[in-house]
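Quick note: residue numbers are just sequence positions, from 1. Below, each value reflects all heavy atoms present in this structure, side chains not excepted, and no hydrogens, waters or symmetry copies. Please read these numbers as outputs of a predicted model, since none were measured by experiment. Every number for a ligand or one of its atoms is a count from 1 in the order of the listing.
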Amino acid sequence: MIPVVIIGGGASGLMLASLLPKKSAIVIESNPKVGAKLLVSGGGRCNVTNEVVSSDNYLGDKDFISSVLRQFDQNALLNWCDARGLGLISQKNHQYFCPNSAKEIVSILTKESSKQTVLLNEKVVSILSDKDGFLVQTNKQQIKSKSVVVASGGLSYPVLGASDIGYKLAQNVGHRISKLAPALVGFTLQKEQFFMKELSGSSVGNVEIKVGINSCKGDLLFAHKGISGPSVLNASLYWEKGSISIDFLPNFRWKSLSGSKKNISTLLPLPKRVMKALLEHLSIPDKPFVALSKEERDRLYELHNYTLAPAGTFGYSKAEVTKGGVSIDEIDVSSMMSKKIDSLYFIGEVLDVTGELGGYNLQWAFSSAFVCAKALNKYL
Ligand SMILES: Cc1cc2nc3c(=O)[nH]c(=O)nc-3n(C[C@H](O)[C@H](O)[C@H](O)COP(=O)(O)OP(=O)(O)OC[C@H]3O[C@@H](n4cnc5c(N)ncnc54)[C@H](O)[C@@H]3O)c2cc1C
């Protein structure tokens, strides 16, 4: 009987495998290779973590998240990478990326986890537990183990191997799954905003999107299917249904326009193509600010608070993560073990913890793997 079976050779599963003693675990991965999602993450350079990480960057139970992050924070992760010759580079909004390619971190994780048996092209279909341990059923064989760690991730990007197995296994032993939805994903539009689709390929820097009490700043991208870009992806974390509002011009000083005779489309700091489409949509003639009527100016100020109700999201095929998941109240924070079934553990995205854009989801995958490894190493 093998001590540990790890379901999933993604970020959390590989980190866990690398932290356990040699030959103590079998990693089962349905893909022909490990780390498929890592390879495409961060635009192919993998945004591994962030300079600033706290529970505020996550949806989920704040105390639980803080406790896990504290045990293996961004500095511990940076040191772990450093010790293996991978100096991550801080870029953009304090995000740490691989210097050249995501292959760099995947090859380290692959090497580190090769001290375990890694089964590829093998899919876990069910697990049974009894007093001696677990019987893990794959599409090829049955494997007996003392412990099982579910590191099977969420539902997003099914082309990269995502499956619902983690949620099913959890549900079968009585765990609650909080509502699942695609997140860090673009919004599709209602008819009224279809004009935005015509802007496909254009982007606006530094907008501010409000979803309820949450505010998401960053670029907005007009896409063929709707709207996307960092501000929208973060907004999707908080959106369920209903309206969002976009400030296309945060910090803009209208007074700067009052003396000018130039048309507003030339003066407002938005790409001309975007500006013209917004003016047309809001029925505002493109003329100097001083020449606008009070009503026209009022409509122009709507650019600070443009309200729309997304039709939906681009869905799991385009979502970076799945929000919701295995409920945290039924997981022991010191070990990531199920409070319902002894020796069954959950780590990574399968749990009801979802990070913002910026390296937070991988940090969570690695931190939760570390906590689990610490607990397992006590008896291995
Ligand atoms: C396009 C994209 C870009 C992203 N970019 C970033 C980024 O830059 N920074 C960041 O922090 N996060 C990013 N993320 C999110 C991040 O990749 C995930 O949150 C993270 O990989 C989750 O780790 P995990 O180990 O829980 O799951 P995963 O890494 O998804 O690993 C789960 C593994 O389990 C396997 N599996 C599933 N079902 C079975 C089964 N039945 N049997 C065997 N194996 C199975 C899957 O094939 C997969 O390899 C991105 C996601 C996507 C899709």
- Query: What's the shortest distance from atom 35 (C) of ligand 1 to any protein heavy atom, and which residue and atom give it?
  - Reply: Glu29 OE1, 3.3 Å
- Select the closest option to atom 32 (C) of ligand 1 among Ala151, Ala102, Ala319, judged by heavy-atom distance. Ala151
- ligand 1 versus Glu122, non-hydrogen atoms closer than 4.0 Å: side chain, backbone, both, neither? backbone
- Heavy-atom nearest neighbour in the protein, as seen from atom 53 (C) of ligand 1, with distance rounded to 0.1 Å: Tyr157 CD1, 3.3 Å
- Query: What protein heavy atom sits nearest atom 10 (C) of ligand 1, and how far away is it?
  - Reply: Leu362 CG, 3.4 Å
- Do any N/O atoms on Gly42 end up under 3.5 angstrom from N/O atoms on ligand 1? yes
- Numbered atoms and elements of ligand 1 in range of Lys37, under 4.0 angstrom, heavy atoms: 17 (O), 30 (O), 53 (C)
- Query: ligand 1 and Ala11, any nitrogen or oxygen pair closer than 3.5 angstrom?
  - Reply: yes
- Note on the structure: The answer for which part of Val321 has a heavy atom under 4.0 Å from ligand 1 is side chain
- Can a salt bridge be assigned to the pair Arg176 and Asp352 using a cut-off of 4.0 Å between side-chain N and carboxylate O? no
- Among side-chain atoms of Gln71 and Lys374, is any donor-acceptor pair under 3.5 angstrom? yes
- Item | Residue pair Tyr360 / Gln95, side-chain donor-acceptor N/O under 3.5 Å | no
- Query: Quick one: do the Ser265 and Asn263 side chains pair a donor with an acceptor below 3.5 Å?
  - Reply: no
- Message: With ring pair (Phe, Tyr, Trp, His ring centres under 6.0 Å) as the criterion, how do Trp254 and Tyr301 come out once you've worked through the C-alpha distance, each side chain's angles and the decisive distance to 0.1 Å?
- Response: CA-CA 9 Å; Trp254 292 95; Tyr301 297 145; 5.0 Å; yes
- Message: Under 4.0 Å, heavy-atom basis, I'd like to know which part of Lys123 is in contact with ligand 1: side chain, backbone, both or neither.
- Response: both
- Heavy atoms only: give me the nearest Asn234-Leu357 pair and the separation to one decimal. OD1-N, 2.9 Å
- Query: Side chains of Thr49 and Gln74: donor-acceptor distance under 3.5 Å anywhere?
  - Reply: no
- Let me see the working for Ser334 and Asp332 under side-chain hydrogen bond (donor to acceptor under 3.5 Å, both in side chains), right down to the final yes or no. CA-CA 6 Å; Ser334 64; Asp332 175 43; 2.7 Å; yes
- How does Tyr360 reach ligand 1, if at all, at less than 4.0 Å between non-hydrogen atoms: by side chain, backbone, both, or neither? backbone
- Query: Which option, Gly166, Ser163, Ser317, Gly355, owns the non-hydrogen atom nearest atom 38 (N) of ligand 1?
  - Reply: Ser163
- Cluster overlap Tyr306 with Leu268, hydrophobic side-chain contacts below 4.5 Å: yes
- Message: Among all the protein's non-hydrogen atoms, which is closest to atom 44 (N) of ligand 1, and how far away is it?
- Response: Ser30 N, 3.2 Å
- Message: Under a 3.5 Å cutoff, is there a donor and acceptor pairing between the side chains of Gln137 and Ser126?
- Response: no
- Item | Residue Ile28 vicinity, atoms of ligand 1 by number, heavy atom under 4.0 Å | 43 (C), 44 (N)
- Query: In the protein, what heavy atom is nearest to atom 22 (C) of ligand 1, and what distance, to one decimal place, separates them?
  - Reply: Glu349 OE1, 3.4 Å
- Task: For atom 27 (O) of ligand 1, state which one of Pro32, Gly153, Gly9, Gly35 supplies the nearest heavy atom.
- Result: Gly153
- Message: Students often mix this up, so state it plainly: with edges at 30° and 60°, are the rings of Phe222 and Phe248 parallel, tilted or perpendicular?
- Response: parallel
- Task: May I ask whether Leu160 has any heavy atom positioned less than 4.0 angstrom from an atom of ligand 1?
- Result: yes
- Message: If we set the cut-off at 4.0 Å for heavy atoms, which region of Ala36 has an atom near ligand 1: side chain, backbone, both, or neither?
- Response: neither
- Would you mind listing which atoms of ligand 1 come within a distance below 4.0 Å of any non-hydrogen atom of Ser12? 24 (P), 25 (O), 26 (O)
- Message: So if I count the atoms of ligand 1 from 1 in the order they appear, which ones are less than 4.0 Å from some heavy atom of Ile165?
- Response: 38 (N), 39 (C), 40 (C), 41 (N)
- Query: Please state which protein non-hydrogen atom is closest to atom 50 (C) of ligand 1 and give its distance, to 0.1 Å?
  - Reply: Glu320 OE1, 3.7 Å
- Message: At less than 4.0 angstrom from any non-hydrogen atom of Gly348, what atoms of ligand 1 do you find?
- Response: 26 (O)
- Compare Gly8, Ser41, Gly325, Gly43 and give the one whose heavy atom is closest to atom 34 (O) of ligand 1. Gly8
- is_close_aromatic(Phe366, Trp364), centroid dist under 6.0 Å: no
- Show the numbers, then the answer: is there a ring pair (Phe, Tyr, Trp, His ring centres under 6.0 Å) between Phe314 and His224? CA-CA 11 Å; Phe314 294 178; His224 178 63; 9.9 Å; no
- In terms of ring plane angle, is the pair Trp239 and Phe187 parallel, tilted or perpendicular, where the classes change at 30° and 60°? perpendicular
- ligand 1 and Ile7, any nitrogen or oxygen pair closer than 3.5 angstrom? no
- Starting from atom 37 (C) of ligand 1, find the nearest protein heavy-atom neighbour and note its residue, name and distance. Gly161 O, 3.3 Å
- Query: Judged by modelled atom types alone, do Ser327 and His175 share a side-chain donor-acceptor pair under 3.5 Å?
  - Reply: no
- atom 9 (N) of ligand 1 has as its nearest protein heavy atom Asn47 O, 2.9 Å
- Message: Can a side-chain donor-acceptor contact be found between Asp247 and His304 if the only test is distance below 3.5 angstrom?
- Response: yes
- Message: Please check whether Asn31 reaches ligand 1 - meaning an N/O of the residue sits under 3.5 Å from an N/O of the ligand, judged on distance alone.
- Response: yes
- Query: Of all the atoms in ligand 1, which lie at a distance below 4.0 Å from a heavy atom belonging to Asn361?
  - Reply: 11 (O), 12 (N), 19 (O)
